[in-house]
Each structure stands twice: as structure tokens, then as C-alpha cells.
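The next block holds one structure in the form of C-alpha cells; read it before the comments.
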Amino acid sequence: MSGRYRVLRGMHDILPEEVGRWQYLEETTRAWFARYGFREIRTPVLEATELFSRSVGASSDIVRKEMYTIERGEQSLCLRPENTAPVVRAFVEHSRHRGIAAGYPERLFYIGPMFRYERPQKGRQRQFHQIGVEVLGGEEPLIEAETIEMVWGLLERLGIASIELQLASVGDSACRPKYRQALVHWLRPRLDGMCDDCRRRADENPLRVFDCKVEADLLVLADAPTMQESLCGDCEQHDSRVKRHLETLGVPFVENAGLVRGLDYYRRTVFEIAAGGLGAQNAILGGGRYDGLVRELGGPDVPGFGFAMGMERAAMLIPDDRLPRARIDVSLITLGAAGHDAAIEMAQRLRAQGISVQMSMTERPMGTQLKRADRGAARFALFIGKDELARGRFGLKDLASGQQDEIDEAGLVARIKAGRDGGD
RNA sequence: GUGAGUGUAGCUCAGUCGGUAGAGCUCCAGAUUGUGGAUCUGGCUGUCGUGGGUUCGAGUCCCAUCACUCACCCCA
């Protein structure tokens with residue numbers, strides 16, 4: 001490690017060697033989401049701080065201690081820590097609800113950086129990237145099922161294996177407060193035997209006790225009342241419909257009554273997909289329904305559902321053999337000054353024909369040029385020297401097989417393009 | 001914010017009891033003046049994370065600090 005300046009803590013350069021992994025993730029996502037009618041939305045990374053304290057929750061860790069804020073004159077701005085609130089802000093600002101027909105909600109996705117001032121660890125950066133989806137303008141359980149089926153299919157297409165979908169309902173404004181009360185009541189006489197974290201959680205956010213990792217506590221909690229059995233009629237019906245649709249679509253899930261999402265705005269359905277190989281941060285994506293958020297942010301009473309996927313986490317799980325190898329079509333091997341001069345224009349003509357070409361910027365020994373062609377993973381080497389120029393025919397060598405043919409310039413393009421399918 | 005581990009060449013790492021800074025890979029040149037991958041020979045590359053202290057002498061010991069990694073909290 002050298003140099004005087006370094007990247008900020010928790011932030012990373014994505015170098016050319018890794019960029020292919022990211023492009024594969026992004027391209028696969030865009031193509032797959034398009035099949036479900038999702039369209040991309042891009043919003044600014046900078047927003048009013050209040051947007052997040054209103055939506056994510058002023059008491060949440062994200063707002064309390066993890067935001068990058070900028071005081072600019074009278075305004076408090078911040079780098080977005082998540083993107084549901086900005087997307088909803090844009091939805092409201094542009095009156096998008098006016099274009100929604102019953103049964104056809106607005107389907108949006110985004111890809112971009114988020115910022116949270118946290119202590120970095122495996123799978124957690126201060127600048128990280130999310131692929132997120134928001135469905136606005138429908139409360140049908142099919143929305144959950146279809147959207148989850150979509151992302152389940154995406155992970156399959158990316159070759160990400162050993163994943164588990166966990167599903168729960170956190171109820172609504174009718175049944176959740178009642179359950180919360182019941183849980184606190186149940187916990188109170190048992191807290192003495194439980195860990196410090198649980199005692200603190202019981203005060204601040206009782207549902208979080210289910211996140212506890214202490215064996216003894218988990219045994220106690222196994223008998224705790226669950227949200228599931230406390231759901232009101234509407235929530236219960238919604239939840240069972242979501243599950244029925246998921247079964248129809250063949251998406252396996254496990255119910256996890258202890259699933260707690262960190263953001264205040266969730267109602268009813270919440271879910272998470274966890275994977276092995278990610279260390280302690282094993283959630284690759286999570287989300288839920290947020291009926292009420294649009295109204296909270298000053299819009300009409302439009303229901304919503306969405307999730308966000310951590311791109312760093314997803315990228316880590318894509319098997320190497322899934323990634324297309326970036327290859328250059330042809331590397332020019334020049335011999336002598338005349339060959340090098342002629343190659344300059346040859347490169348231009350081939351590139352105009354849609355072929356990727358590399359060549360040395362200076363005359364170099366032939367052995368060296370071939371070595372570079374190899375290292376640069378070129379498919380072909382094309383020899384250009386005075387003999388070839390005199391004959392008007394060039395040696396085109398397949399670097400994998402070693403086979404070399406004499407071919408005129410007119411035949412080069414077709415031959416090189418044909419080599420794309422044949423070669424590994 | 002808390003705890004633990006690690007910082008030596010572009011990369012991966014060795015460095016004994018405190019005594020002149022090392023290896024492999026990469027890179028460059030050559031063996032090979034018009035044919036690559038293998039092999040061989042030679043070569044370049046260092047504020048030893050940073051600052052201070054102890055010492056005749058510090059990569060090595062002590063203190064501080066910064067960064068990275070993992071974990072906690074929390075989250076994607």
C-alpha cells in the first residue's frame with residue numbers, strides 16, 4: 001500500500017479486475033426485472049435529512065447515529081442511507097399515483113450507492129450499493145408473492161445457492177401495538193434471567209429480543225407469544241394469501257415469527273433472504289410492505305411494498321464460473337516500422353467493424369508482443385510485417401489452438417467474429 | 001461506540017536472542033534478429049503504517065496514533 005492519500009474508511013475502489021462481477025450483477029438484474037415490467041428510477045444521493053427521520057424513524061439507529069449529514073445554510077441535508085424514502089418522495093412529488101390503474105401498480109427499481117456511518121466489517125461498508133424494488137399503488141398479496149418470486153429467480157440466475165427465504169407478518173396499526181404490549185407483559189417477569197442486550201431491547205424495541213443469539217434466552221423465548229397468533233383478521237388473511245401465492249409459484253419459504261426489520265415503516269409482510277458465506281451479516285436482501293409511508297411523506301393514501309439487496313453481499317456470492325471472461329478479439333503483432341505504421345490504421349478499420357483490438361504503442365520484439373497477447377487474453381494474434389503487406393495476406397493465429405492461417409483483410413473480420421463463438 | 005487480531009516490495013508472505021531488508025509471484029531484459037504459454041539466467045521495486053520512547057544500535061522491545069480484518073450493537 002503506497003501513496004499519500006487513501007480511500008476513506010469503509011469505502012472501496014472497485015478495480016477493473018472486479019468490475020466485471022458488478023456489471024454481470026447489474027446487467028442480469030436489469031434484463032430480469034424488465035420481464036416483470038419494472039422500470040428504473042434514479043434519484044439524487046443527497047436529500048433533506050427530515051425525509052429519513054420521518055420515514056425510517058427518528059429513533060432508529062440509522063437516523064440516530066449513522067447518517068452523513070451536511071448543514072448547508074438553513075438546511076440539513078444528508079447522503080441517503082436507504083432509498084425507499086427518496087423513491088416515495090419522487091413518486092409523490094411527480095404525482096405518479098394519478099397514472100395508476102387498479103390492479104396495475106407502479107413498478108420501480110433502482111441501483112445505486114447508499115451511505116451509513118458505521119463500523120465496517122465483512123459485508124458492511126460505509127458506502128455500499130443496493131439494488132432495490134418498490135411497488136406502489138396496490139395492496140394485493142400477489143404483489144408480495146410476485147416480487148419475491150422475481151428476486152428469488154434473480155438469485156437463481158446469478159448462481160447464488162444455499163439461500164433461505166424467511167417470512168413473517170408484523171401486523172398493522174390495529175394488531176401490532178396490542179402484541180407489543182402482550183410481549184412486554186410476558187417478558188417482564190423473565191428478564192432477570194436474560195442477557196443484558198435483551199433487557200435493553202425490552203425497553204427500546206421489544207420485538208428485537210428475537211434477534212438474541214444467546215442459547216438460554218432462545219430457549220426461554222421459544223414459549224413467547226408470537227405476532228403470528230396475535231394478527232388481526234385482515235392481517236391474518238393477507239398473510240395467508242401471500243403464502244398461498246408463494247406456494248403456487250414454487251418459492252420455498254420458512255416462517256420466522258422473530259423476523260424483525262429495522263425500519264419503522266413496515267406493516268404486515270416482512271421478509272429476508274439469508275445466505276451462507278457472508279459472515280455475521282448473512283442477510284443478502286430484506287424488505288416488506290409499507291402501507292402508510294406514502295401518506296406519511298405527504299402523499300395520497302397509496303400502499304407500497306419493496307425490498308433492497310446489498311450488492312456487495314450479492315456480488316460475493318456469485319460463483320466465479322458464472323462471470324463472462326472479458327476477452328479482446330485480436331492483438332496486433334507488428335514487425336518493423338512499416339508493420340507498426342500499417343497496424344495503426346488496421347486497428348482503426350477493425351474497430352470500426354466492431355472488433356476489439358489491442359496493439360503495442362511502440363515497436364516491441366515479437367516474442368514480447370505475443371506474450372502480451374496471451375496475458376491480455378486475446379483470441380487471435382494478427383501478424384503485420386513487410387512480407388504480409390507485400391502479399392496483402394496476414395497471418396491470423398488462434399492463440400488457444402495455435403493454428404495459424406493466411407488470410408486477406410477482407411476475410412479477417414468474418415473470421416475473427418466467427419472465433420468468438422468457437423473459442424472458450 | 002465496544003472488543004480481539006493484523007500492518008514488511010505492485011500481490012502473497014518470511015524475518016531467530018535487538019546487530020547491513022528477504023523469498024515466491026508479477027514486472028523488465030536476455031537465452032530466442034519473424035511466432036506466445038514451459039524452462040533457465042540476470043535485473044528493478046521498500047518513508048518495515050505513522051509519530052515518539054528505550055538502546056551504542058529497533059522491522060524486532062515500550063507508548064501513542066492511524067488503517068485494515070473479524071465480531072458486538074445494528075443493518076443490505
Side-chain angles (χ1 to χ4, degrees), chain A residues 1-12 15 17 56-57 59-66 80-84 111-133 151 195-198 200-201 204-205 208 211-214 260-263 271-275 278-288 306-317 331 333-336 339 363-378 380-388 394-404:
Chain A
M1 194 174 303
S2 51
R4 183 173 163 188
Y5 299 106
R6 297 197 213 169
V7 272
L8 265 19
R9 174 170 221 186
M11 310 212 170
H12 293 281
L15 301 173
E17 290 76 11
V56 175
S59 66
S60 66
D61 278 16
I62 289 179
V63 170
R64 247 176 37 221
K65 53 182 193 186
E66 294 176 3
R80 61 184 185 195
E82 62 102 42
N83 207 30
T84 296
I111 299 180
M114 309 294 155
F115 303 84
R116 290 182 201 171
Y117 190 85
E118 296 181 90
R119 192 79 170 258
Q121 71 183 75
K122 187 178 174 74
R124 180 162 65 199
Q125 288 77 44
R126 288 182 173 180
Q127 176 177 337
F128 62 106
H129 300 78
Q130 289 187 327
I131 292 172
V133 155
V151 74
C195 71
D196 293 348
D197 281 338
C198 281
R200 183 180 50 76
R201 291 185 185 111
E204 293 175 4
N205 195 344
R208 285 220 168 273
D211 276 349
C212 187
K213 283 155 189 147
V214 179
V260 182
R261 307 255 76 245
L263 287 59
F271 75 105
E272 193 170 290
I273 293 180
L278 288 177
Q281 310 304 320
N282 67 344
I284 175 168
L285 64 92
F307 68 83
M309 172 164 79
M311 292 178 73
E312 281 80 2
R313 296 180 186 181
M316 270 192 274
L317 295 170
S331 192
I333 312 297
T334 73
L335 299 138
E363 290 183 47
R364 303 281 295 151
M366 186 179 52
T368 303
Q369 292 187 67
L370 275 162
K371 215 174 276 183
R372 301 308 326 181
D374 228 27
R375 302 263 164 83
F380 292 100
L382 180 65
F383 294 89
I384 304 173
K386 60 180 192 309
D387 297 353
E388 286 80 358
F394 303 88
L396 184 68
K397 182 169 189 169
D398 183 319
L399 288 167
S401 66
Q403 188 188 328
Q404 183 168 334

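Just so we're on the same page: letters track the sequence lines, and every chain starts at 1.
Between A/R364 and B/U33, a side-chain N or O to OP1/OP2 separation shorter than 4.0 Å is absent. The side chain of A/R119 contributes no N or O atom lying less than 4.0 Å from OP1 or OP2 of B/G1. Between B/A71 and A/R124, no contact under 4.0 Å exists linking OP1 or OP2 to a side-chain N or O. The phosphate of B/A71 has OP1 or OP2 within less than 4.0 Å of a side-chain N or O from A/Q121.
A straight line from NZ of A/K371 to C1' of B/C28 spans 10 Å, rounded to a whole angstrom. Atom CD1 in A/I62 sits roughly 12 Å away from atom P in B/C74 (whole-Å rounding). Distance A/F383 CZ to B/U35 C1': 5 Å, rounded to the nearest Å.
Going from the P atom of B/C56 to that of B/A14 covers 32 Å, rounded to whole Å. Distance check on atom C1': B/C13 versus B/G3 gives 27 Å, rounded to whole Å. The P atoms of B/G52 and B/G59 are separated by 14 Å, rounded to the nearest whole Å. The P atoms of B/U47 and B/U60 are separated by 16 Å, rounded to the nearest whole Å. With C1' as the reference atom, B/A4 and B/U8 are 22 Å apart, rounded to whole Å. For the C1' atom pair drawn from B/A21 and B/C74, the interatomic distance equals 45 Å after rounding to whole Å. Rounded to whole Å, the separation between the C1' atoms of B/G51 and B/A29 comes to 41 Å. Distance check on atom P: B/G37 versus B/C28 gives 13 Å, rounded to whole Å.
The listed nucleotides are B/U69, B/G37, B/G34; the one nearest the side chain of A/P120 is B/U69. Considering only the side chain of A/K397, B/G36 comes nearest among B/C72, B/G36, B/G34. The side chain of A/K65 approaches B/C73 more closely than any other nucleotide in the set B/C73, B/G34, B/A29. Each of B/C70, B/G34, B/G36 was ranked by its minimum atom distance to the side chain of A/K122; first place goes to B/C70. Among the nucleotides B/G36, B/A29, B/A71, the one closest to any side-chain atom of A/T368 is B/A29. Ranking B/C27, B/G34, B/C74 by closeness to the A/R372 side chain, first place goes to B/C27. Checking B/G36, B/C68, B/A71 against every side-chain atom of A/R9, the shortest atom distance belongs to B/C68. Relative to the side chain of A/R313, the nucleotides B/C72, B/C28, B/A76 differ in distance, and B/A76 lies closest.
Note on A/E312: nothing from the nucleic acid sits closer than 4.0 angstrom, heavy atoms only. In this structure, A/Q369 reaches neither bases nor backbone, as no heavy-atom distance under 4.0 Å exists between it and the strands shown. Residue contacts shown for A/G402 include a base, since a base heavy atom lies under 4.0 Å away.
Pair check for B/A71 finds B/U2; Watson-Crick or G-U wobble, both atom distances under 3.5 Å. Pairing for B/U35 is absent, judged as Watson-Crick or G-U wobble with the two contacts each under 3.5 Å. Both distances falling under 3.5 Å, in either a Watson-Crick or a G-U wobble arrangement, place B/U65 opposite B/G49. Under the Watson-Crick or G-U wobble criterion, with both distances below 3.5 Å, B/G57 has no partner in any strand shown. Figure legend. B/G42 is base-paired to B/C28; pairs are counted as Watson-Crick or G-U wobble with both atom distances under 3.5 Å. Pairing partner, B/C13: B/G22, with both Watson-Crick or wobble hydrogen-bond distances short of 3.5 Å.
In this structure, A/D398 and A/F380 have side chains that are in contact, with non-hydrogen atoms separated by less than 4.5 Å. Residues A/I273 and A/M309 are not in side-chain contact: their nearest non-hydrogen atoms beyond the backbone lie 4.5 Å or more apart. In this structure, A/L8 and A/R126 have side chains that are not in contact, with every pair of non-hydrogen atoms separated by 4.5 Å or more.
When all heavy atoms of A/F383 and A/F394 are compared, the pair lying nearest together is O-CD2, 3.5 Å.
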Exercise for the section: Tell me, with the steps shown, if A/M311 and A/F128 meet side-chain contact (heavy atoms from CB on, under 4.5 Å). Expected result: CA-CA 7 Å; A/M311 292 178 73; A/F128 62 106; over 6 Å; no
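Here the rule is side chain to side chain contact (heavy atoms under 4.5 Å, CB included) with A/P113, and of A/Q127, A/M11, A/Q130, A/Q125 only A/Q127 fits it.
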